[in-house]
Amino acid sequence: MSLDLMNIARTGVLASQSQLAITSNNIANANTAGYNRQVVSQSALDSQRMGNDFYGAGTYVSDVKRVYNDYATRELRIGSTAVSETQTTFGKMSELDQLFSQIGKGVPEGLNNFFASMNALSDIPGDLGMRGSMLTSANQLADSINQMQGHLDSQMTQTNDQISAVTSRINEISTELGNINRELMKSQGEDMQLLDKQDALILELSEYASVNVVALDSGAKSVMLGGTMMLVSGEVSMQMGTVQGDPYPNELQITAQSGSKSMIVDATKLGGQLGALVNYRDETLMPSQMELGQYALGVADAFNQAQAQGFDLNGQVGANIFTDINDPSMQLGRVGALSSNTGTANLSVNIDDVGSLTGSSYELKFTAPSTYELKDAVSGNITPLTLNGTKLEGAAGFSIDIDAGALASGDTFEIRPTSGAAASVSVEMTDGKGIAAATGAQITADAANTGNSQVNLVSIDDRTDTNFPVTGAELTFEIDPSATPPTFEVFDVDGTSLGAAAAYTPPNISAHGFTFEIDSTAATAEKFTFNLSFAEGDNTNLVNMAKLSEAKLMNGGKTTLNDVYESTKFDVGSKTKAAEIAMGSADAIYSQAYTRVQSVSGVNLDEEAANLMRFQQSYQASARIMTTANEIFNTLFSSLR
């Protein structure tokens with residue numbers, strides 16, 4: 001019987017040792033991230049028959065396992081994805097909001113200062129010092145727009161760098177998970193340390209993208225990102241990467257690669273930090289850049305057109321203050337051709353009416369034989385375009401020129417009419433004498449005209465010409481664009497012809513000391529009367545130019561120049577506030593999920609301390625049984641001597 005007691009005591013001591021070891025390990029790892037509490041399961045040994053009775057034979061450790069709840073862990077991963085996504089969005093939006101609120105405030109201030117310099121010059125329009133001050137204000141305005149675009153470009157670079165860094169870390173995790181799966185297959189998923197490390201890596205992975213986990217019978221786990229992209233399949237690890245954007249290289253695209261095969265991943269569906277970065281770049285940063293370009297085009301076009309309505313100190317038609325809106329430098333980035341296009345066409349975008357621009361980007365798609373569709377990326381509205389010669393017409397404020405080559409069916413282009421303007425806008429005028437403060441260019445269409453002809457004064461070539469049309473000596477041009485070749489005839493103030501009808505080469509006509517541009521599709525002759533009087537002290541045109549501060553020139557006559565910028569700033573602020581609220585909600589949900597996991601799998605030091613005392617007492621009691629069995633054995637031997 002004493003021998004049986006000794007064996008029972010031995011099993012009790014060994015079981016208590018295991019319990020103490022696991023409890024001690026739990027206590028030691030109480031602060032270890034990703035550690036799941038472990039417990040020992042004990043079972044009774046089969047009983048032994050002695051005579052007519054059965055006696056217990058002791059205990060043994062039947063299992064050591066992690067305390068793990070798959071549902072709670074899955075909820076934690078979902079919460080981790082949401083909180084990482086919202087934190088990233090709020091962080092990026094906060095940076096952009098501060099950029100517009102602090103550094104970006106120089107843009108509207110620059111325009112206000114420019115208007116202030118106009119008002120000051122209008123009091124003494126002939127003062128060269130004041131004219132120079134106005135040009136200085138113009139340069140400061142252009143510089144503030146350039147600098148703001150530079151900061152937005154830096155945001156783009158920074159965001160792309162973050163996207164690359166995240167994909168690199170995902171690849172590292174993918175490789176580690178593949179290696180862990182390989183080891184777990186050897187132990188059939190019994191190695192608890194590897195399981196903890198596996199779960200910790202998957203939880204970290206859930207910060208970068210939404211994660212779906214599939215447990216395999218072999219003990220390994222397959223991992224999918226965004227519900228569509230397989231990242232780890234058993235011991236096989238896939239890799240992610242980045243490639244230049246299509247059609248715009250500076251907008252990185254994310255790829256998934258397995259072996260020699262590679263595919264573009266729709267990052268907006270991945271969620272987490274990676275999805276947030278791509279969404280921020282494509283849905284907030286790029287539109288902000290486009291709207292800043294719209295603002296730059298509005299500024300340049302408004303003042304250049306105002307200049308063309310007056311005369312400078314040299315008696316010439318006002319030249320551009322800012323870069324022309326269709327200058328090659330201002331057209332950079334307006335068209336992007338997809339790499340999948342099979343045609344050879346080279347396209348360019350010409351701004352026809354800045355006031356009709358929306359700041360949107362568009363998708364142009366050609367379907368043979370003659371269908372051209374322009375899809376607004378914001379509203380999704382599709383506008384059919386008409387090919388007139390080599391020009392596609394019908395878009396809001398712009399037209400598309402086919403400069404060379406030919407389109408093939410299915411060819412697709414991304415059109416960004418306002419792209420590049422904010423970086424390229426500059427002041428072209430260098431001499432303050434060129435500011436067109438005076439008004440005198442009066443071009444009056446005859447009431448009998450039936451066409452939609454437009455006439456713009458291009459230049460004053462010779463004010464000393466005998467028939468130059470000053471006040472009281474106006475000239476009337478009768479223009480017949482329907483003739484072959486087109487012709488014009490000039491009449492003096494009394495209606496007397498100054499010569500037979502002469503041919504001209506559209507669109508310009510030069511005669512009697514000045515040049516003007518005619519844009520006409522009229523089927524019959526039309527008349528225009530010119531009065532090009534000029535007074536050096538006249539400030540009328542400058543006063544009209546200053547009134548542009550309140551003129552609703554943009555977005556179809558709905559907003560002023562500064563409204564365009566302030567609207568962008570307001571949108572950024574609204575998105576920042578929304579991101580902050582979303583982050584608070586996501587934090588609360590994540591905290592609940594984390595608490596739930598910890599309540600199941602976390603180490604409670606009070607509980608473990610109590611267990612430690614309990615198993616210590618169990619060990620001591622089992623050891624006491626061994627002592628008792630030994631004493632009984634010794635007593636038995638003593639009685640036989």
Side-chain angles (χ1 to χ4, degrees), residues 297 300-312 314-328 330-331 348-356 388-391 393 397-399 401 428-429 434 436 438-446 449-463 465 467-470 474-491 498-499 501-534 541 544-545 553:
L297 288 172
D301 186 59
F303 294 109
N304 287 348
Q305 284 198 33
Q307 275 283 112
Q309 303 304 312
F311 293 120
D312 61 20
N314 299 315
Q316 293 294 313
V317 176
N320 286 346
I321 293 179
F322 296 97
T323 312
D324 185 87
I325 59 173
N326 288 311
D327 185 87
M330 297 281 275
Q331 291 186 329
S348 62
V349 171
N350 191 78
I351 305 299
D352 302 317
D353 180 8
V354 172
S356 297
N388 186 1
T390 60
K391 179 179 291 188
E393 300 174 336
F398 63 94
S399 55
D401 293 317
E428 291 188 341
M429 186 174 290
T439 298
Q442 297 180 3
I443 306 173
T444 306
D446 191 277
N449 290 356
T450 58
N452 59 350
S453 302
Q454 294 182 352
V455 176
N456 296 308
L457 190 61
V458 174
S459 63
I460 301 297
D461 306 319
D462 183 10
R463 283 186 174 273
D465 186 279
N467 295 311
F468 190 84
V470 295
E474 295 87 350
L475 294 182
T476 298
F477 281 69
E478 184 176 70
I479 304 165
D480 188 358
S482 64
T484 306
T487 61
F488 72 93
E489 185 175 356
V490 186
F491 301 87
L498 299 180
Y504 73 93
T505 302
N508 291 349
I509 296 175
S510 296
H512 302 295
F514 67 99
T515 299
F516 63 92
E517 180 183 66
I518 175 74
D519 181 8
S520 176
T521 57
T524 59
E526 296 187 324
K527 293 182 179 181
F528 297 88
T529 299
F530 291 78
N531 178 358
L532 307 182
S533 60
F534 167 69
N541 194 54
N544 291 335
M545 199 182 300
L553 307 172

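Scored by the side chain to side chain contact (heavy atoms under 4.5 Å, CB included) test, S348 finds D401, D403 as partners (sequence neighbours excluded). Evaluation of the side chain to side chain contact (heavy atoms under 4.5 Å, CB included) rule for T484 yields no partner, not counting sequence neighbours. For T476, the side-chain hydrogen bond (donor to acceptor under 3.5 Å, both in side chains) criterion is met by T529, not counting sequence neighbours. Listed by chain and residue number, N326, R334, N350 satisfy the side chain to side chain contact (heavy atoms under 4.5 Å, CB included) test with Q331 (two or more places apart in sequence, or in another chain). In terms of the side chain to side chain contact (heavy atoms under 4.5 Å, CB included) criterion, residue partners of N388 (sequence neighbours excluded) are, by chain and number, E393. Legend: residues meeting side-chain hydrogen bond (donor to acceptor under 3.5 Å, both in side chains) with D480, ordered by chain and number and at least two apart, are S482. Evaluation of the side-chain hydrogen bond (donor to acceptor under 3.5 Å, both in side chains) rule for E489 yields S497 as partners, not counting sequence neighbours. For E526, the side-chain hydrogen bond (donor to acceptor under 3.5 Å, both in side chains) test picks out S453, with sequence neighbours left out. Residues meeting the ring pair (Phe, Tyr, Trp, His ring centres under 6.0 Å) test with F303, sequence neighbours left out: F114, F115.
For the pair N449 (side chain) and G451 (backbone), a donor-acceptor distance under 3.5 Å is absent. Judged purely by atom type and a 3.5 angstrom limit, S459 has no side-chain atom pairing as donor or acceptor with the backbone of D461.
Closest approach of M330 and I325 over heavy atoms only: CB-O, 3.6 Å. Across all non-hydrogen atoms, the minimal contact from I479 to I518 is CD1-CD1, 4.1 Å. Taking all atoms of both residues into account, the shortest heavy-atom contact from T524 to P481 is O-CD, 4.1 Å.
Interatomic distance, CZ of F477 versus CZ of F491, reported as 11.0 Å (0.5 Å rounding). To the nearest 0.5 Å, atom OG1 of residue T323 and atom CG of residue N304 are 8.0 Å apart. With rounding to the nearest 0.5 angstrom, the CZ atom of F488 is 14.0 Å from the CZ atom of F528. Annotation: the span from L475 atom CG to N531 atom CG amounts to 9.5 Å, rounded to 0.5 Å. Between the CD1 atom in I351 and the OG atom in S399 there is a gap of 8.0 Å [rounded to 0.5 Å].
No side-chain heavy atom of L297 sits less than 4.5 Å from a side-chain heavy atom of D301. Counting heavy atoms from C-beta on, the side chains of V317 and F311 come closer than 4.5 Å. Between E478 and V490 there is no side-chain heavy-atom pair separated by less than 4.5 Å. Between V354 and L553, every side-chain heavy-atom pair lies at or beyond the 4.5 Å cut-off. With contacts defined as side-chain heavy-atom distances shorter than 4.5 Å, the pair L532/F468 qualifies. At least one side-chain heavy atom of Q307 sits under 4.5 Å from a side-chain heavy atom of M429.
Using modelled atom types and a 3.5 Å distance limit, the side chains of Q316 and D312 yield no donor-acceptor pair.
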Determine all donor-acceptor pairs shorter than 3.5 Å in which one atom belongs to a side chain in residues 439-446; sequence neighbours excluded.
unit_1, atom_1, unit_2, atom_2, d
T439, OG1, N541, N, 2.8
D446, OD1, A448, N, 2.8

Sequence neighbours left out, cut at 3.5 Å: what donor-acceptor pairs do the side chains of residues 502-514 make with other protein atoms?
unit_1, atom_1, unit_2, atom_2, d
S510, OG, T515, OG1, 2.6

